[in-house]
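Before any comments, here is the structure.
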Amino acid sequence: MPATAKPKNAPLKEWLRRASKLSPYLWILPALTVYGIFKLYPLVSGLQMSLLRWDGIEEPRYIGLRNFQRILSDEMTATVLMNNVHYAVGTVVGKIVLSLFLAILLHQALRGRTFYRTSLFMPVVMSFVVVGVLWSWLFNPQFGLINSLLRGLGLDFLVQDWLGDAAVALNSLILVDIWKWYGFHMVIFLAGLQSIPDELYEAARIDGASVWQQFLHVTLPMLHPVMIVNVTISVMGAFNVFDIPFIMTAGGPANATNVMALHIYIRGFKFYRFGFSAALSYVLLVIVTLVAAIQLKLMTSGDNTD
Amino acid sequence: MSAAQFSRQAAKRQGVYWRPLLVKVFNHSILILFTVIIVYPVLWMILASFKTPGELISNIWGLPASPAYQNYADAWEKARLGRALLNSGIVSIGAVLLVVCLSSIAGYAFAKFSFRFSTVILLVFVFTMQAPVPIIPFYVLFVRLKLTDSYLGLILAIASGTIPLSIFIFQAFFRSIPNELREAAKIDGCSEFSAFLRVVMPISGPAVATVSILTFVGAWNEYFMPLLLIRSDELRPLTLTIQVFFLQFGRAEWNVIFATLSIASIPMIVIYVLLQRWFIRGLTSGSIKG
């Protein structure tokens with residue numbers, strides 16, 4: 001790659017050669033500096049903070065692994081984590097099933113495809129604040145659209161206090177999350193469907209495969225790469241979710257919608273337990289990493305057996 | 001879908017010729033149902049922004065008797081939306097400029113030069129870009145650098161999150177540009193950097209657009225970073241302004257809230273509908289290759 005100059009001045013040539021070897025690093029340096037300082041550094045520097053008892057103002061005190069011991073023995077940790085798991089199962093299953101179903105329908109319905117795609121994708125460009133505030137009114141028990149619709153349809157037994165009832169609230173938030181993202185996942189599935197060659201379906205039809213068999217033995221295996229993408233995105237989203245519960249329920253009622261990211265924020269900035277909050281962040285980090293690794297392992301190991 | 005096959009299938013089902021039509025009707029009705037589920041609440045929000053508080057309760061489904069424009073005046077004044085729009089605009093455009101500059105230059109290096117540790121650095125990006133940042137050390141860092149409560153701090157906070165993906169998008173795009181172009185520019189006397197700036201960047205519109213849209217929409221809608229870093233009222237972006245306003249007045253003045261929500265989302269929705277191809281490509285570019 002370095003340009004070959006005539007060997008006239010050996011030291012200069014040597015210097016130029018070294019400089020041109022360094023120059024790629026100069027190109028990446030600005031981006032790397034910003035990423036290193038504001039993303040990588042906090043990932044590391046928090047480790048030391050997680051060993052402190054610190055309110056952010058007074059002199060911090062070193063307490064070893066006490067924060068982690070407390071997290072493991074705290075019942076709240078289990079409650080909050082179970083909410084995350086519940087949220088993950090609900091949103092992932094909901095988003096994947098619904099968006100795959102719609103993508104298959106849209107793949108066939110040629111007329112109006114742009115209209116459907118544009119409309120269904122729209123909530124992606126809306127802020128979670130707008131979506132969250134809007135839906136907290138739609139969920140209003142007396143005047144909200146949802147209960148009004150259910151009453152109108154004569155489905156009074158389904159009418160409930162969507163955000164105020166601890167047994168329902170988390171599922172209501174899951175519905176909002178699915179609402180915001182199903183169009184997004186549908187577009188990704190659609191791109192996957194469009195990349196499947198028609199010949200595969202023709203061959204399957206000649207072999208006498210039914211529509212359902214074609215779905216099972218052609219569509220699903222061919223969609224495997226986009227399936228991994230869609231599941232990974234929604235799983236990561238579910239374990240990092242903050243905006244929806246913070247805006248719509250603030251974790252209530254009675255911690256029914258409290259999730260890890262919210263718990264970390266509340267411990268840190270409402271109770272000023274900086275050390276404990278930092279330790280919680282690493283627990284979340286480990287869980288997210290494990291979940292991602294297990295999920296990728298499960299989904300890619302299927303490749304060999306198929 | 002040859003004609004022969006079609007007739008064979010039809011014959012198999014003993015002359016059920018209306019079956020394809022039925023499938024079509026089924027497909028469209030399901031798609032319309034789920035489109036209405038998305039679009040109706042947003043349209044309803046816009047309608048509700050023209051209702052009086054009384055109508056919000058008594059007339060849930062209908063049109064407002066006469067549009068209450070006052071809601072928008074109230075929203076503009078009470079929530080100080082003008083200032084909030086300005087703040088969101090500054091931060092979003094700032095983030096776009098910073099991310100496009102830094103990640104195009106870095107992406108070019110990863111695409112065109114071979115150097116030690118390039119794979120290692122890319123792997124560090126892959127493994128850390130999705131990791132949730134521990135907010136306490138993140139916040140303490142911004143306090144120590146005196147970057148809380150400033151546009152620059154917010155821009156850096158948002159940009160640092162999107163840099164890796166943007167580098168990957170630029171890298172993939174630059175790989176597709178033939179090396180001859182760059183060599184020709186260098187023969188004409190351009191340095192490596194001016195070849196990049198004057199020859200490569202002008203034909204990189206698609207990658208710039210993708211990264212810009214991704215960063216702009218993310219920054220415009222970002223809620224958590226301002227919540228963490230912005231203290232003074234004057235610097236609040238739109239998202240934080242709406243949430244604070246919602247907590248202060250929301251329970252009593254829902255009609256004004258709907259006006260705020262409409263002002264916050266309609267411009268973005270209009271731009272999105274006009275440029276939908278670009279937006280959908282940009283916002284899914286992390287997930288779909290190419």
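The sequence lines fix the lettering, A, B, ..., with proteins before strands; numbering per chain opens at 1.
Heavy atoms closer than 4.5 Å to chain B are found in both the backbone and the side chain of A/Val133. Using a 4.5 Å cut-off between heavy atoms, B/Gln276 touches chain A through its side chain atoms alone. Using a 4.5 Å cut-off between heavy atoms, A/Leu149 contacts chain B through both its backbone and its side chain. Only the side chain of A/Leu98 comes within contact range of chain B, with at least one heavy atom under 4.5 Å from a heavy atom of that chain. In this structure, the portion of B/Tyr40 lying under 4.5 Å from any heavy atom of chain A is its side chain and not its backbone. For B/Leu283, the parts lying under 4.5 angstrom from a heavy atom of chain A are both the backbone and the side chain. Contacts between A/Ile37 and chain B at a heavy-atom distance below 4.5 Å involve backbone atoms as well as side-chain atoms. Looking at A/Leu102, both its backbone and its side chain come within 4.5 Å of chain B, counting heavy atoms on both sides. Interface residue B/Tyr272: only side-chain heavy atoms are found under 4.5 Å from chain A. Only the side chain of B/Ile121 comes within contact range of chain A, with at least one heavy atom under 4.5 Å from a heavy atom of that chain. Interface remark: B/Ile163 contributes side-chain atoms only to the contact with chain A (heavy atom separation under 4.5 Å). Contact of A/Leu138 with chain B is made through the side chain alone, with heavy-atom distances under 4.5 Å. Contact annotation for A/Met49: only side-chain heavy atoms (C-beta onward) come within less than 4.5 Å of a heavy atom of chain B. Proximity to chain A (any heavy atom under 4.5 Å) is restricted, for B/Leu228, to the side chain, taken from C-beta onward. Looking at B/Val140, the atoms closer than 4.5 Å to chain A (heavy atoms on both sides) all sit in the side chain, from C-beta outward.
Considering only heavy atoms from C-beta on, A/Tyr41 stays 4.5 Å or farther from B/Pro137 through its side chain. The shortest distance between side-chain heavy atoms of B/Ile32 and A/Tyr116 falls below 4.5 Å. Side-chain contact check for B/Thr239 versus A/Phe128: every heavy-atom pair is 4.5 Å or farther apart. Using a 4.5 Å cut-off on side-chain heavy atoms (C-beta onward), A/Ser281 and B/Phe138 make no contact. You'll find the side chain of A/Phe38 reaches within 4.5 Å of the side chain of B/Phe142, heavy atoms only. Here the side chains of A/Val129 and B/Phe246 are not in contact, with every heavy-atom distance at 4.5 Å or above. B/Arg277 is listed as a side-chain neighbour of A/Thr114, based on a closest heavy-atom distance under 4.5 Å. Two residues are said to be in side-chain contact when any heavy atoms from C-beta on lie closer than 4.5 Å; B/Ile136 and A/Phe269 meet this criterion.
Contacts of residues 237-245 of chain A with chain B at a heavy-atom distance below 4.5 Å involve A/Asn240, A/Phe242, A/Asp243, listed in sequence order.
In this structure, CG in A/Leu120 is found 4.0 Å from OG1 in B/Thr35, a value given to the nearest 0.5 Å. With values rounded to the nearest 0.5 angstrom, A/Ile28 atom CD1 is found 8.5 Å from B/Leu122 atom CG. For the atom pair A/Tyr25 OH and B/Ser118 OG, the distance stands at 7.5 Å (nearest 0.5 Å). Atom CD of B/Glu192 is separated from atom CG of A/Leu26 by 12.5 Å, given to the nearest 0.5 angstrom. In this structure, the separation between OG on A/Ser119 and CZ on B/Phe34 is 14.5 Å, given to the nearest 0.5 Å. Taking CD1 from B/Ile30 and CG from A/Leu106, the interatomic distance works out to 13.0 Å, rounded to the nearest 0.5 Å.
Within 6.0 Å of CZ on B/Arg116 lie no more than 12 heavy atoms contributed by other residues, nucleotides or ligands. Crowding of B/Phe127 atom CZ: a count of heavy atoms from other residues, nucleotides or ligands under 6.0 Å not exceeding 12.
Per-residue heavy-atom pair counts under 4.5 Å with chain A were compared for B/Ile269, B/Leu98, B/Val39, B/Val273, and the maximum is reached by B/Ile269. Note: B/Pro132 leads B/Pro132, B/Ala109, B/Ser265 in heavy-atom pairs under 4.5 Å with chain A. Chosen from A/Leu284, A/Leu145, A/Val288, the residue pairing most often with chain B at heavy-atom distances under 4.5 Å is A/Leu145. Of the residues considered (A/Tyr282, A/Phe184, A/Tyr182), A/Tyr182 shows the highest number of contacts with chain B, using heavy-atom pairs under 4.5 Å. When the candidates A/Val34, A/Leu29, A/Asp198 are compared by the number of heavy-atom contacts under 4.5 Å with chain B, A/Val34 comes out ahead. Between chain A and the options B/Thr128, B/Val133, B/Val124, heavy-atom pairs under 4.5 Å are most frequent for B/Thr128. Your options are A/Arg117, A/Lys180, A/Gln142, and the one with the most heavy-atom pairs under 4.5 Å with chain B is A/Arg117. Ranked by heavy-atom pairs under 4.5 Å with chain B, the first of A/Phe115, A/Trp137, A/Tyr201, A/Phe274 is A/Trp137. Put simply, of A/Leu285, A/Leu280, A/Leu134, the one with the most heavy-atom pairs under 4.5 Å next to chain B is A/Leu134. The residue among B/Tyr139, B/Trp220, B/Phe196 with the most heavy atom pairs within less than 4.5 Å of chain A is B/Tyr139.
Using a distance-only test at 3.5 Å, with no hydrogens or angles considered, no donor-acceptor pair links the side chain of A/Tyr265 to the main chain of B/Ile135. Side-chain N or O atoms of A/Tyr35 include none that pairs as donor or acceptor with a backbone N or O of B/Gly161 at under 3.5 Å. For A/Lys39 (side chain) and B/Ala157 (main-chain N/O), no donor-acceptor pair under 3.5 Å exists by modelled atom type. Side chain of B/Asn221 to main chain of A/Val125: a donor-acceptor pair is present (N/O by atom type, distance under 3.5 Å, no hydrogens or angles). Side chain of A/Trp179 to main chain of B/Ile37: a donor-acceptor pair is present (N/O by atom type, distance under 3.5 Å, no hydrogens or angles).
Here the closest non-hydrogen pair linking B/Leu227 and A/Phe246 is CD2-CE2, 3.8 Å. In this structure, B/Pro134 and A/Pro42 approach most closely via the heavy-atom pair CG-O, 4.0 Å.
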Assess whether side-chain contact (heavy atoms from CB on, under 4.5 Å) is satisfied between B/Gln130 and A/Thr232, documenting all intermediate values.
CA-CA 10 Å; B/Gln130 294 277 14; A/Thr232 308; 5.6 Å; no
Check against side-chain hydrogen bond (donor to acceptor under 3.5 Å, both in side chains), B/Trp61 and A/Ser148:
CA-CA 9 Å; B/Trp61 296 88; A/Ser148 168; 2.6 Å; yes
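In this pair, A/Trp27 and B/Tyr108 present their aromatic rings parallel. The plane angle is below 30°, not in the 30 to 60° band.
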